[in-house]
Amino acid sequence: MRYPLFKILALFIFIFSCKSEKTEDPIVEVLSTEKPINMDQLSSKVYTTAHHSSLKLSETGSLKFEDFKQPLETDSAINVDPSKEFQTFLGIGGALTDAAAETFYKLTEDNQSKFLEAYYNQEKGIGYSLGRTIIHSCDFSTASYTYIDEGDSELKTFNIDHDRIYRLPFTKKAIEAAGGKLTMYASPWSPPAFMKTNNNMLKGGKLKPEFYQSWANYYAKFIKVYEAEGIPIWGLTIQNEPMAVQRWESCIYTAEEERDFVKNYLGPTLEREGLGDKNIIVWDHNRDLLFQRASTILNDPEAAKYVWGTGFHWYEDWKDGIPMFDAVKRVKETYPDKNLIFTEGCNEKYDLKRLENDDPKLAERYGKSMINDFNNGTVAWTDWNILLDQTGGPNHVGNFCFSPVHGNTETGELTFTSSYYYIGHFSKFIRPGAKRIVSVSSANYLLTTGFKNEDGSIVIIVMNDSDKDMDYSLTMESRTARLKTKPHSIQTIVLSN
């Protein structure tokens with residue numbers, strides 16, 4: 001009798017252990033069990049922005065769903081499945097830099113109000129819900145500066161008086177315009193010069209080991225002082241672009257150095273200072289080395305326990321003009337319990353003629369990146385400067401760039417570029433707490449992603465980067481609707497009960 005009982009017990013343990021293993025796709029967080037959507041009760045709106053036209057986030061119609069029609073291989077088709085849910089959306093926003101703040105205060109008061117409403121009001125604008133700020137100066141400041149006297153490793157002279165002139169009041173206005181809440185995170189470009197091996201805030205250099213603790217204390221000081229000013233800090237990145245020796249503020253960390261800094265200094269310091277709830281983001285550089293940096297840090301349990309996620313930029317396409325979106329997917333697959341956030345992107349080398357000619361490549365770079373990054377597991381997306389002047393600055397090293405909105409400091413006028421409207425096709429309609437859902441295209445020239453908001457509304461984004469008018473179908477819950485899209489355009493389809 002003992003032998004059969006042993007076999008039964010062994011079989012029971014085997015079955016129980018098999019059921020305990022996680023077997024779902026690591027990118028999928030939730031499989032919805034909701035009942036199918038009643039397509040006959042859906043209301044729909046389509047919003048369109050098209051280059052070389054008057055359509056700028058314009059309402060351009062609605063959908064009529066009919067019986068499912070099987071698409072042919074020659075058709076362009078979008079297939080949506082709202083029952084499959086993925087990562088939870090955190091938000092979309094831009095960086096509130098010194099350059100943005102200084103430009104803002106050179107606008108007329110009417111245009112200051114118009115600017116804030118355009119970015120932060122969801123009904124009348126595009127509803128930004130995320131913000132990035134800088135820890136002392138970066139290239140988009142009018143000069144280099146820190147919050148302490150040179151040589152003060154004990155931080156006795158720490159103060160943020162510089163920021164009180166422009167950046168602090170500007171940030172407070174943005175938070176107010178966003179309804180009193182804006183998820184804010186901060187990034188440093190360089191430690192003070194005396195803490196670095198090259199004794200210079202510019203041109204790379206490394207953080208000297210003897211100042212690791214002082215620099216960790218600096219982050220904690222910054223957070224506490226900003227929060228005392230009424231600006232909550234949700235999180236921070238360790239270092240902007242830690243592999244780039246720039247002619248502006250920059251500092252180099254190898255993956256191992258960044259790992260050890262967060263593990264031995266920054267993480268423990270924030271906890272000790274009562275700031276253990278702040279979300280630490282590693283890397284904050286381009287997609288190309290994203291996996292290498294993430295794996296080095298996140299494979300170390302003592303470092304990983306302090307890390308909320310990995311941040312990345314889009315400038316790796318300098319190599320061959322091709323963004324490396326797959327790197328984002330690989331990190332999400334490998335570390336499904338950690339988050340991904342796009343922390344910076346802008347179109348470089350400001351050229352007024354490209355704006356005057358409404359060059360589609362400027363806005364489409366945003367659309368392609370946002371669609372691919374979200375489809376690969378990214379939870380939040382941050383543009384670089386939310387405002388620059390008519391020169392693409394101010395910038396103390398001449399690194400002039402494009403912004404979605406430019407303010408003319410001579411006339412006080414605002415220019416809203418197509419990039420602003422393209423970003424708005426996402427930020428206005430996809431709200432914090434939304435879940436990404438399945439939205440798949442059968443045509444390379446139609447890019448798509450989809451989300452379901454907490455109120456049940458479904459948002460589908462479709463971008464046509466071709467030179468042609470396109471007809472396409474959209475199928476959901478075995479019903480099909482027909483749509484048209486203009487050349488070089490983006491559409492947002494909103495479905496709600």
Side-chain angles (χ1 to χ4, degrees), residues 25-30 84-95 127-132 183 185 187 234-237 240-241 279-295 297-298 307-317 323-346 364-384 422-440 447-453 459-461 463 490 492:
D25 183 335
I27 296 181
V28 177
E29 293 182 357
V30 179
K84 304 296 187 295
E85 298 180 352
F86 300 82
Q87 78 269 19
T88 302
F89 180 75
L90 176 65
I92 292 171
Y128 268 14
S129 55
L130 184 70
R132 185 190 191 199
T183 300
Y185 67 97
S187 302
W234 167 88
L236 66 158
T237 73
N240 179 76
E241 299 187 347
N279 297 284
I280 296 176
I281 299 164
V282 299
W283 188 223
D284 197 9
H285 203 164
N286 296 331
R287 297 185 188 99
D288 49 2
L289 290 175
L290 178 66
F291 186 86
Q292 187 266 335
R293 183 67 53 134
S295 62
I297 297 172
L298 299 181
V307 177
W308 173 84
T310 309
F312 61 97
H313 301 182
W314 71 14
Y315 308 111
E316 76 281 351
D317 64 357
M324 301 184 71
F325 298 122
D326 196 56
V328 181
K329 179 181 180 181
R330 297 300 172 220
V331 173
K332 184 59 180 176
E333 289 175 337
T334 309
Y335 305 100
D337 59 327
K338 297 296 183 182
N339 299 285
L340 284 154
I341 176 173
F342 184 90
T343 48
E344 183 187 315
C346 75
E364 287 174 352
R365 190 178 185 187
Y366 282 94
K368 289 177 183 177
S369 181
M370 297 176 84
I371 289 171
N372 281 281
D373 290 337
F374 287 135
N375 285 345
N376 287 322
T378 299
V379 303
W381 211 94
T382 325
D383 182 35
W384 188 206
Y422 267 57
I423 297 171
H425 275 270
F426 300 81
S427 61
K428 184 178 179 69
F429 304 104
I430 307 167
R431 303 308 299 163
K435 291 281 189 179
R436 184 174 63 85
I437 60 175
V438 175
S439 185
V440 180
L447 306 179
T448 184
T449 191
F451 284 82
K452 183 193 292 183
N453 285 311
V459 178
I460 307 299
I461 294 163
M463 189 179 100
I490 188 168
T492 298

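These figures come from a predicted structure and were not determined experimentally. Throughout, residue positions are numbered sequentially from 1 according to the sequence presented.
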Quick check: closest heavy atoms across [X] and [Y], and the distance to 0.1 Å?
{"X": "Pro432", "Y": "Ser129", "result": "CG-OG, 3.6 Å"}
{"X": "Leu130", "Y": "Ala380", "result": "CD2-CB, 3.9 Å"}
{"X": "Thr237", "Y": "Ser187", "result": "OG1-OG, 2.8 Å"}
{"X": "Ile281", "Y": "Gly311", "result": "CG2-N, 3.3 Å"}
{"X": "Pro323", "Y": "Arg287", "result": "CB-NH1, 3.8 Å"}

To the closest 0.5 Å, what do you measure between [atom1] ([X]) and [atom2] ([Y])?
{"X": "Cys346", "Y": "His313", "atom1": "SG", "atom2": "NE2", "result": "10.0 Å"}
{"X": "Thr183", "Y": "Leu90", "atom1": "OG1", "atom2": "CG", "result": "5.0 Å"}
{"X": "Met370", "Y": "Asn375", "atom1": "CE", "atom2": "CG", "result": "12.0 Å"}
{"X": "Trp314", "Y": "Thr343", "atom1": "CH2", "atom2": "OG1", "result": "12.0 Å"}
{"X": "Ile280", "Y": "Thr310", "atom1": "CD1", "atom2": "OG1", "result": "12.0 Å"}
{"X": "Leu340", "Y": "Asn376", "atom1": "CG", "atom2": "CG", "result": "9.0 Å"}

Who are the salt bridge (Lys or Arg N to Asp or Glu O under 4.0 Å) partners of [X], not counting sequence neighbours?
{"X": "Lys368", "value": "Asp465"}
{"X": "Arg431", "value": "none"}
{"X": "Arg132", "value": "Asp284, Glu344"}

For Trp283 and Phe291: C-alpha separation, side-chain torsions, deciding distance, then whether ring-ring contact (aromatic ring centres under 6.0 Å, His included) applies. CA-CA 10 Å; Trp283 188 223; Phe291 186 86; over 10 Å; no
Who are the side-chain contact (heavy atoms from CB on, under 4.5 Å) partners of Asp288, not counting sequence neighbours? Asn286, Glu316, Lys319, Met324
Please enumerate all residues that pass side-chain contact (heavy atoms from CB on, under 4.5 Å) together with Ala434, with sequence neighbours excluded. Phe89, Ile430, Phe451, Asn453
Could I get the full list of side-chain hydrogen bond (donor to acceptor under 3.5 Å, both in side chains) partners for [X], not counting sequence neighbours?
{"X": "Tyr128", "answer": "none"}
{"X": "Asn279", "answer": "none"}
{"X": "Thr378", "answer": "none"}
{"X": "Trp381", "answer": "Asp373"}

Given Glu85, which of Lys452, Arg436, Lys435 fulfils the salt bridge (charged side-chain N to carboxylate O under 4.0 Å, His left out) condition? Lys452
Under the ring-ring contact (aromatic ring centres under 6.0 Å, His included) test, which residues partner His425, sequence neighbours left out? none
The criterion is ring-ring contact (aromatic ring centres under 6.0 Å, His included); which residues satisfy it with Phe429, sequence neighbours excluded? Tyr47
Within the structure provided, determine whether [X] and [Y] are in side-chain contact (heavy-atom separation under 4.5 Å).
{"X": "Ile371", "Y": "Phe426", "result": "yes"}
{"X": "Arg365", "Y": "Asp317", "result": "yes"}
{"X": "Ile437", "Y": "Ile460", "result": "yes"}

Classify the ring geometry of Phe342 against Phe312: parallel below 30°, tilted from 30° to 60°, perpendicular beyond 60°. perpendicular
Look only at the side chain of Thr334 and the backbone of Val331, and say whether a donor-acceptor pair between them is shorter than 3.5 Å. no
Does one side chain, of Thr382 or Tyr185, offer a donor that lies under 3.5 Å from an acceptor on the other? yes
